[in-house]
Amino acid sequence: MKNNVKEANVVMARCASTSKSFGIRMERRTDDVWYCTWAFPLSEKSASNEGYTNTVISGRMEFDDEYPGCPHCNSTGWVKCWSCGKLTCWSSKDKSFSCKWCGVSGEVESADEFELNAGGY
Ligand SMILES: [Zn+2]
Ligand SMILES: [Zn+2]
């Protein structure tokens with residue numbers, strides 16, 4: 001682990017194309033900036049066993065240059081649902097999204113700050 005990492009967490013997401021779940025590893029490098037560094041297939045069952053849904057992280061979210069994108073379809077971004085607050089993978093050429101957790105759809109709006117449900121890591 002690099003020296004400048006203060007804290008790391010894993011946030012659950014679902015793939016917009018395949019509906020499969022995955023985990024996004026986020027590192028806090030400065031006080032309120034989190035970097036998405038890694039994404040990997042993760043079942044919801046093992047996520048709840050690991051306690052991946054117990055913590056709230058907040059601040060600015062950035063993507064590390066090494067972030068590999070969704071492990072199921074390679075989309076390099078994600079959107080947070082305005083209704084249920086969960087993440088669905090997203091490709092930046094799409095103007096709208098539909099949430100793979102609760103089924104709502106809507107326009108994508110950019111935001112600088114987020115609050116996400118994550119787990120300890
Ligand atoms: Zn995907
Ligand atoms: Zn939703």
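Numbering of ligands and ligand atoms starts at 1, following listing order.
Here the two rings, on F114 and W78, have centers that are under 6.0 Å apart.
Checking side-chain atoms of H72 against main-chain N and O of C89 turns up no donor-acceptor pair under 3.5 Å.
Geometric assessment of R60 against the ring of W34 yields a negative cation-pi assignment under the 6.0 Å and 45° thresholds.
Put simply, the angle at the Zn ion (ligand 2) from SG in C81 to SG in C84 is close to 110°, to the nearest 10°. The angle C89:SG - the Zn ion (ligand 1) - C73:SG amounts to 100°, with values rounded to 10 degrees.
Coordination check, C70 versus the Zn ion (ligand 1): passed, since an N/O/S atom of the residue sits under 2.8 Å.
Looking at S43 and K45, their side chains never bring a donor and an acceptor atom within 3.5 Å of each other.
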